[in-house]
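Here's the structure, in structure tokens; my notes come after.
For reference, positions follow the sequence shown, starting with 1. Since the model is a prediction, treat every value here as computed from it, not as a measurement.
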Amino acid sequence: MMKCINQLPPPVLLKFIFRGRLIFGPDAKSLIITLLLIIVPVIIFCTNVARNLLGETSGNIAGYAILMVTVVFTIYVLLLLLLTSARDPGIVPRNLHPPTEEMCYDSSASIDVGRQTPTPRLPPTKEVIVNGVPVRVKYCITCQLYRPPRCSHCSVCDNCVERFDHHCPWVGQCIGMRNYRSFFLFISSSTILCIFIFGMSALNIKFLTNDYGTVWKAIKESPLSVVLMVYCFIFLWFVGGLTCFHLYLIGTNQTTYETFRYRGVERPQVYDRGCLNNFREVFCSKIKPSRNNFHAYVQENERGFTRGMNSEGYIGNLDGNRREKVEDDREIGGDLLKISQRHEAEDA
């Protein structure tokens with residue numbers, strides 16, 4: 001027997017595994033590329049560089065420690081990637097019906113003999129009080145609700161996400177309130193892994209140089225060490241720059257979306273509680289439970305009725321808003337790339 005709920009689940013763009021216990025975004029296939037970018041270099045390191053370091057440190061526990069640290073830390077990075085990409089980022093459930101308490105009337109429409117007919121509509125924004133400061137929130141036509149503060153509608157996943165940061169194609173998921181901590185730990189741990197593999201590969205070249213006399217002969221003996229050093233050096237600019245950028249965001253209690261959406265606009269720091277409290281909020285606070293019941297069912301007639309309500313009686317154009325959001329998300333992605341390039345130029 002089917003069970004009715006008062007809110008609609010997320011759209012079918014999401015991918016559900018194990019009856020909703022794992023939730024992936026519509027571009028979850030990109031995870032394969034991310035996994036290969038992590039696993040392949042680690043395998044090359046363990047089968048070539050680490051094996052040579054074991055020979056150089058024969059009878060010493062240091063060689064085995066390098067191998068074990070690499071394997072354990074890689075598993076840790078992969079677990080963080082899974083937690084980021086397979087967790088509900090903070091999706092706000094859609095309403096079955098629009099909020100009637102905010103309904104007002106538009107008398108601009110007329111029929112026949114000029115008789116004014118009031119047309120129900122919803123105001124596009126309203127104000128809520130956050131920490132004693134009025135904050136304007138928007139009405140989402142797709143989800144039929146007023147978005148909570150710091151919430152935004154992702155054009156890729158087609159969902160409103162609480163404390164929306166950005167949509168990350170590398171993890172195939174939105175980054176929001178419930179997976180931001182694991183996302184930051186993932187990129188920071190990836191940075192440490194790049195530094196570790198780079199350092200151990202350089203150490204291997206040093207040992208080979210001592211054995212063969214010249215750096216050139218050492219490189220000819222272990223060219224994969226140089227390949228790993230170049231690979232880690234390139235990716236270190238991206239994940240390292242991203243880590244530094246998000247350290248700044250955490251310290252000032254901002255999101256990527258807010259930073260680039262409202263750049264150049266003077267806004268009160270509503271959510272900034274001080275650097276220490278901001279870090280405590282991200283790393284020490286309890287993750288809120290999901291607002292969605294992914295095991296519930298919706299009757300077909302209710303689902304169809306709700307979809308039909310999306311295009312009538314509200315201010316705005318759904319297609320136009322979606323195009324605008326796609327452009328905004330692409331702009332944010334481009335700005336993130338510029339940030340990593342700027343860090344590279346400054347360090348150079």
Side-chain angles (χ1 to χ4, degrees), residues 34 37-38 73-74 76-85 87 89-90 131 149-152 154 161-199 232-288 328-329 331-348:
T34 306
L37 289 174
I38 297 173
F73 201 74
T74 301
Y76 172 69
V77 171
L78 295 177
L79 286 176
L80 289 173
L81 175 60
L82 179 64
L83 284 175
T84 304
S85 60
R87 173 181 286 171
N131 296 329
R150 312 193 86 177
C151 175
S152 183
C154 176
V161 179
E162 289 189 274
R163 201 185 184 277
F164 177 77
D165 191 86
H166 69 287
H167 182 91
C168 182
W170 296 102
V171 303
Q173 183 64 280
C174 284
I175 307 302
M177 180 184 65
R178 300 190 69 251
N179 65 348
Y180 182 79
R181 181 189 303 173
S182 58
F183 169 76
F184 176 80
L185 292 175
F186 166 67
I187 59 175
S188 57
S189 300
S190 299
T191 301
I192 297 173
L193 184 61
C194 283
I195 295 174
F196 180 80
I197 292 179
F198 180 90
C232 292
F233 182 79
I234 293 173
F235 275 87
L236 187 59
W237 291 115
F238 175 71
V239 293
L242 203 58
T243 300
C244 293
F245 175 64
H246 279 278
L247 281 172
Y248 162 76
L249 293 181
I250 294 173
T252 56
N253 207 331
Q254 299 183 71
T255 65
T256 303
Y257 179 81
E258 291 168 350
T259 302
F260 292 104
R261 179 69 172 174
Y262 304 107
R263 57 185 172 183
V265 179
E266 291 293 334
R267 297 187 306 121
Q269 297 295 331
V270 181
Y271 307 101
D272 190 1
R273 302 165 55 194
C275 185
L276 182 61
N277 289 328
N278 292 338
F279 273 90
R280 189 177 299 166
E281 178 182 334
V282 172
F283 296 106
C284 300
S285 61
K286 185 178 180 181
I287 298 177
K288 295 182 180 180
D328 290 342
D329 290 348
E331 182 181 357
I332 289 175
D335 287 328
L336 287 176
L337 181 59
K338 290 178 183 177
I339 285 175
S340 61
Q341 291 173 348
R342 186 171 69 248
H343 281 292
E344 179 179 358
E346 290 174 354
D347 292 339

Provide the closest heavy-atom pair for N253 versus D272 in the form atom of the first, atom of the second, distance. CB-CA, 4.0 Å

State, to 0.1 Å, how close F73 and S189 come at their nearest heavy-atom pair, and which atoms those are. CE2-O, 3.2 Å

So, do V282 and F184 sit near enough that their side-chain heavy atoms are less than 4.5 Å apart? no

Under a plain distance cut-off of 3.5 Å, with no hydrogens placed, do T84 and S182 share a side-chain donor-acceptor pair? yes

Is any side-chain heavy atom of V171 closer than 4.5 Å to a side-chain heavy atom of T34? no

Identify, with sequence neighbours excluded, every residue that meets salt bridge (Lys or Arg N to Asp or Glu O under 4.0 Å) alongside R273. E281

Look at the aromatic rings of F183 and Y180 and report parallel, tilted or perpendicular, splitting at 30° and 60°. tilted

Can you tell me how far apart CG (D165) and CG (N179) are? Round to the nearest 0.5 Å. 9.0 Å

Kindly indicate whether the side chain of E258, heavy atoms from C-beta on, has any atom under 4.5 Å from the side chain of T252. no

Under a 4.5 Å cut-off applied to non-hydrogen side-chain atoms, are V239 and F186 in contact? no

What closest approach, in Å, do C154 and F164 show between heavy atoms, and which atom pair accounts for it? CB-CE1, 3.9 Å

Y248 side chain near Q254 side chain, heavy-atom distance below 4.5 Å: yes

For a 4.5 angstrom cut-off between non-hydrogen side-chain atoms, does L185 reach F283? yes

Calculate, to the nearest 0.5 Å, the distance between atoms SG and NZ belonging to C284 and K286 respectively. 14.5 Å

Do R181 and S285 come close enough that some side-chain heavy atom pair is under 4.5 Å? yes

Separation between CG of L193 and CZ of F235, rounded to the nearest 0.5 Å: 12.5 Å

For the CG atom of L249 and the OG1 atom of T256, what is their distance to the nearest 0.5 Å? 5.0 Å

Rounded to the nearest 0.5 angstrom, the CG-CD1 distance for L236 and I195 is 5.0 Å

Nearest heavy atoms of V77 and S190, plus distance in Å: CG1-OG, 3.7 Å

From CD1 (I250) to CZ (F245), nearest 0.5 Å: 11.0 Å

Less than 4.5 Å apart, any side-chain heavy atom of R178 and any of P89? no

